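Note sheet for the following structure.
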Number of protein chains: 2
Amino acid sequence: MNDGSDLNLCPAPLVFAMIGGKWKLSILQILIFQGTKRFGELRHGIPDITQTMLTKQLRALEGDGLVDRKVYAEVPPKVEYSATDVAIGLMPAFKAMHSWWEAKARPSTN
Amino acid sequence: MNDGSDLNLCPAPLVFAMIGGKWKLSILQILIFQGTKRFGELRHGIPDITQTMLTKQLRALEGDGLVDRKVYAEVPPKVEYSATDVAIGLMPAFKAMHSWWEAKARPSTN
DNA sequence: ATACTTAGGTATCAAAATGATACTAATGGA
DNA sequence: TCCATTAGTATCATTTTGATACCTAAGTAT
C-alpha cells in the first residue's frame, strides 16, 4: 500500500526482506568488498552454503537489483557475479556492523 | 575454533547469525529506537510475526545478550523487553541501512 | 460462586524453507 | 572412449516457520 514515497518511517521490513535472510548478507559482503566472483568462488567463500541455496539467493539478489549476473558461453560454464552500485551503497552499513562487532568482541583491548 | 581474538577478517557469519534471520532486525530496530516495549507492543509493531516466532526470536536475542527481558509478577502477565547496551551499539548500522534505503528509493528527489 | 476477559506464553500439527545427494550438459584431455 | 570440469536442476529428507488451540490466574460482571 505504501509505494515508498513516504519514508519518514523506517521501512525496516522492506529493507530486511531484501538483505535479510540467512545468506544474503554474506554474499553481498563478499561481492561488495572483494569485487566480482565466479559462482564457485562464492561457494568457497561461504563455507556452509549449499549450491542450491547459493543459486537461489543469488537469483533473489539479482531480482532486487543488488547483484549482476554475467554468463559466459563457455564450457565448462562460467558465470560471474558482482555487486551493483545500489549494493555498493550498503558498504557503510557493513562497516558499521564490523565496527560494532569489534567493539563488542574486545571491549577492553589496547 | 576462533574465539574472537583474531578479527582482522570480517566475522560476517558470526554477526549475521546473531542479527540475521527473518525477524531479528525488525525486533532490534524497535527496541533500539523506541525503547522498552511489552510483548504485545512488539507484536503489534511487527505486523506479520506470529506469537511463536516473536517469543523464539526474543529468546535468541536474549541469549545473545542483545535484549533484556523483565517479567512482572502480575496477572495478566506483563513482560518488558529492551535493547541492551550492546544492541544499542548497532544504531549506526541501522542508520546506515536507513540512509541506503532512502538514497535508493528516491535517487533524484529534491 | 460462575463465567468471561486479559497477556504472554506453550503444544501441536501443517506448510514452507533449507539441506543433501544425485544428476545434467558440452568440451578438452588421457 | 571415458573422465574431469562448472553451474545449475531435480528429488527427497530435515529443519524452520506458521496457524491454531490451549493454558494460567486474577479482576470483573452476573
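Residue numbering restarts at 1 for every chain, and letters A, B, ... go by the order of the sequence lines. These numbers were taken from a predicted model, which means no experiment stands behind them. Side chains are part of it too, since the values below use all heavy atoms of this structure and drop only hydrogens, waters and symmetry mates.
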Distance below 4.0 Å between [X] side-chain N/O and [N] OP1 or OP2:
{"X": "Tyr72(A)", "N": "dT27(C)", "value": "no"}
{"X": "Arg38(B)", "N": "dG9(C)", "value": "no"}
{"X": "Lys56(B)", "N": "dG9(C)", "value": "no"}
{"X": "Tyr81(A)", "N": "dG8(D)", "value": "yes"}
{"X": "Arg69(B)", "N": "dG8(C)", "value": "no"}
{"X": "Trp23(A)", "N": "dA17(C)", "value": "no"}
{"X": "Arg59(A)", "N": "dA7(D)", "value": "no"}
{"X": "Arg43(A)", "N": "dT6(D)", "value": "no"}

Pairwise 5' ranking along DNA chain C for Asp48(A) and Pro77(A), keeping only the more 5' one: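 Its nearest nucleotide being more 5', the pick is Asp48(A).
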Position toward the 5' end of DNA chain C (nearest nucleotide), Glu80(B) or Thr52(B):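 Its nucleotide being nearer the 5' end, the pick is Glu80(B).
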From [atom1] of [X] over to [atom2] of [N], roughly how many Å is that when rounded to an integer?
{"X": "Met53(B)", "N": "dT10(C)", "atom1": "CE", "atom2": "C1'", "value": "13 Å"}
{"X": "Leu58(A)", "N": "dT9(D)", "atom1": "CG", "atom2": "C1'", "value": "15 Å"}
{"X": "Glu62(B)", "N": "dG8(C)", "atom1": "CD", "atom2": "C1'", "value": "14 Å"}
{"X": "Leu54(B)", "N": "dA19(D)", "atom1": "CG", "atom2": "P", "value": "14 Å"}
{"X": "Ile49(B)", "N": "dG8(C)", "atom1": "CD1", "atom2": "P", "value": "14 Å"}
{"X": "Gln51(B)", "N": "dC23(D)", "atom1": "CD", "atom2": "P", "value": "15 Å"}
{"X": "Leu42(B)", "N": "dG9(C)", "atom1": "CG", "atom2": "P", "value": "10 Å"}
{"X": "Phe39(A)", "N": "dT5(D)", "atom1": "CZ", "atom2": "P", "value": "16 Å"}

Contact summary for [X] and [Y], nearest pair of heavy atoms:
{"X": "Ala96(B)", "Y": "Ala93(A)", "answer": "CB-CA, 3.5 Å"}
{"X": "Leu25(B)", "Y": "Phe94(B)", "answer": "O-CE2, 3.5 Å"}
{"X": "Arg38(A)", "Y": "Glu41(A)", "answer": "N-OE1, 2.7 Å"}

Neighbour count >12 (heavy atoms, 6.0 Å) for atom NZ, Lys95(B):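 No, not enclosed.
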Donor-acceptor under 3.5 Å (Trp100(A) side chain, Ile88(B) main chain):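 Not at all, since once roles are kept as given, no pair shorter than 3.5 Å links the two residues.
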Residue met sooner reading DNA chain D from 5', once Thr55(A) and Val75(A) are mapped to nucleotides: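 Here Val75(A) is the residue nearer the 5' end.
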Nearest listed nucleotide, side chain of Val79(A), among dG19(C), dA7(D), dT6(C):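 Of the candidates, dA7(D) comes closest.
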